[in-house]
2 protein chains.
Amino acid sequence: MPAIALADSLRVALVRMGRRMRRERADENLSLHHLSALGTLQQLEEPTLARVAAAECVKPPSMVKTLQHLESLGYVERSDHPSDGRMVLFRISDKGEQMIGETRERRNRALASAIEQLSPEDRATLERAVPIIERLAEQ
Amino acid sequence: MPAIALADSLRVALVRMGRRMRRERADENLSLHHLSALGTLQQLEEPTLARVAAAECVKPPSMVKTLQHLESLGYVERSDHPSDGRMVLFRISDKGEQMIGETRERRNRALASAIEQLSPEDRATLERAVPIIERLAEQ
DNA sequence: GGCATCTCATTAGCCTACCTCACGACCCCT
DNA sequence: AGGGGTCGTGAGGTAGGCTAATGAGATGCC
């Protein structure tokens with residue numbers, strides 16, 4: 001399969017899947033991308049706004065809004081950077097940690113049950129594909 | 001890897017990839033999802049509004065807007081359904097066909113060149129994963 | 001054959017989540 | 001000390017979804 005055709009079909013699949021996932025948030029208090037930002041906050045070494053935004057493939061002003069919202073809900077706290085006064089470090093609060101633990105499973109349940117119905121080969125393929133897609137997204 | 005964890009990482013990867021792709025439309029006249037709708041129009045047997053919307057994983061009112069826009073640009077034409085007066089059939093115009101041919105390659109070029117840098121194994125994995133993701137999206 | 005009900009496309013109005021541009025605060029370098 | 005880059009943030013705009021409501025046409029049931 002030529003790279004262009006693969007890119008095309010990948011694009012179509014991802015757009016549709018994205019819409020499918022977005023529709024699933026009906027009964028949740030936190031949207032998909034808020035949860036994703038919290039996850040990133042957990043992973044990053046020194047989570048400044050710019051770094052979180054970059055990890056989420058989003059521009060800084062967008063991430064400001066997201067983090068402000070999470071902060072207003074008490075899921076995120078901020079502290080000054082020890083040496084650089086321009087930067088702000090964001091970290092997940094205890095309340096945020098707790099909420100993530102409770103929410104993530106419920107959040108992914110529909111997708112997980114669809115995944116459980118895949119054949120073992122398909123599931124293994126999917127598992128190998130995820131980091132590849134992550135890598136493509138970073139560029 | 002448990003299904004929940006796979007669902008979680010897949011979700012994160014797809015969200016980021018979606019954002020990355022969306023940002024790539026700078027110099028294009030047609031957005032990602034317009035192009036996708038045109039592609040669906042080409043594939044469907046009897047492309048009524050509801051069917052196109054379903055294929056694109058979108059609600060009918062959203063697809064109305066999309067098709068109206070494409071119609072205003074001359075890429076889509078509509079005709080009455082032969083037997084059911086409630087329905088409308090949408091089809092891609094000659095101008096639309098031509099535009100698709102020109103645009104799709106340019107559109108996918110950045111993604112394709114990222115794909116070309118993958119190892120052959122990764123590329124093969126990706127190729128196998130696409131239809132699996134499509135299937136997940138349909139549910 | 002006529003009324004109730006259902007389906008389809010459409011409109012109106014809203015919301016989320018991005019973007020760019022502009023700005024003030026701060027860092028660093030000379 | 002002061003000039004240029006970087007960081008977070010505010011303002012304002014846009015894209016692309018959604019639900020609810022509406023009107024036209026189909027269908028089903030006496």
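Basis for what follows: all heavy atoms, side chains included, without hydrogens, waters or symmetry-related copies.
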Using a 3.5 Å cut-off and no angle test, enumerate the donor-acceptor pairs between side-chain atoms of residues 57-67 of chain A and protein atoms at least two apart in sequence or in another chain.
from     : atom 1 : to       : atom 2 : distance (Å)
Thr66(A) : OG1    : His33(A) : NE2    : 3.2
Thr66(A) : OG1    : Ser62(A) : O      : 3.2

Scan Arg16(B), Arg11(B), Arg20(B) and name whichever one has a salt bridge (Lys or Arg N to Asp or Glu O under 4.0 Å) with Glu134(A).
Arg16(B)

Please report, rounded to the nearest Å, how far the P atom of dT16(C) is from the NZ atom of Lys65(A).
11 Å

Could you pull out all residues at least two apart from Asp84(A) that satisfy side chain to side chain contact (heavy atoms under 4.5 Å, CB included)?
His81(A), Arg86(A), Met87(A)

Separation of Glu71(B) atom CD from dA9(C) atom P, in whole Å?
14 Å

Measure CZ/Arg16(A) against C1'/dG17(D) and give the value in whole Å, please.
16 Å

So, using side-chain hydrogen bond (donor to acceptor under 3.5 Å, both in side chains) as the criterion, who are the partners of Arg78(A) when residues are at least two apart?
Glu71(A)

Rounding to an integer number of Å, can you tell me how far His69(A) NE2 sits from dA17(C) P?
9 Å

Check: Leu32(A) main-chain N/O paired with Ser36(A) side-chain donor or acceptor under 3.5 Å
no

Output one letter per nucleotide in nucleotides 20-30 of chain C: B when a protein non-hydrogen atom lies under 4.0 Å from the base, S when only the sugar-phosphate is that close, - when neither is.
BB----BS---

State whether Gln68(B) places a side-chain N or O below 4.0 Å from either non-bridging phosphate oxygen (OP1 or OP2) of dT11(C).
yes

When we call it a touch if two heavy atoms are under 4.0 Å apart, what does Val64(B) touch: a base, just sugar-phosphate, or nothing?
base

Atom CZ of Arg20(B) and atom P of dC18(C) are separated, to the nearest Å, by 17 Å

Residues from residues 36-57 of chain B sitting under 4.0 Å of DNA chain C, heavy atoms only?
Thr48(B), Leu49(B), Ala50(B)

Can you tell me if Ser31(A) touches the phosphate of dT16(C), counting only side-chain N or O atoms and a distance under 4.0 Å to OP1 or OP2?
no

What's the CE-C1' distance between Met21(A) and dG17(D), to the nearest Å?
14 Å

Hits for ring-ring contact (aromatic ring centres under 6.0 Å, His included) against His69(A), two or more places apart or cross-chain, chain-then-number order -> His34(A)

Atom NE2 of His81(B) and atom P of dC8(C) are separated, to the nearest Å, by 11 Å

His33(A) side chain near dC18(C) phosphate (N/O to OP1/OP2, under 4.0 Å):
yes

Using the salt bridge (charged side-chain N to carboxylate O under 4.0 Å, His left out) criterion, which residues pair with Glu46(B)? Sequence neighbours excluded.
Arg51(B)

Rounded to whole Å, how long is the line connecting atom CE of Met63(A) with atom P of dC7(D)?
15 Å

With sequence neighbours left out, write down each residue that passes side chain to side chain contact (heavy atoms under 4.5 Å, CB included) with Ala54(B), or none if nothing qualifies.
none

Under 4.0 Å, counting only non-hydrogen atoms across every strand here, what does His34(B) touch: a base, just sugar-phosphate, or nothing?
sugar-phosphate

Report the residue (Leu89(B) or Arg19(B)) whose heavy-atom-nearest nucleotide on DNA chain C is the more 5′ of the two.
Leu89(B)

Contacts of type side-chain hydrogen bond (donor to acceptor under 3.5 Å, both in side chains), residue Gln117(A), not counting sequence neighbours:
none

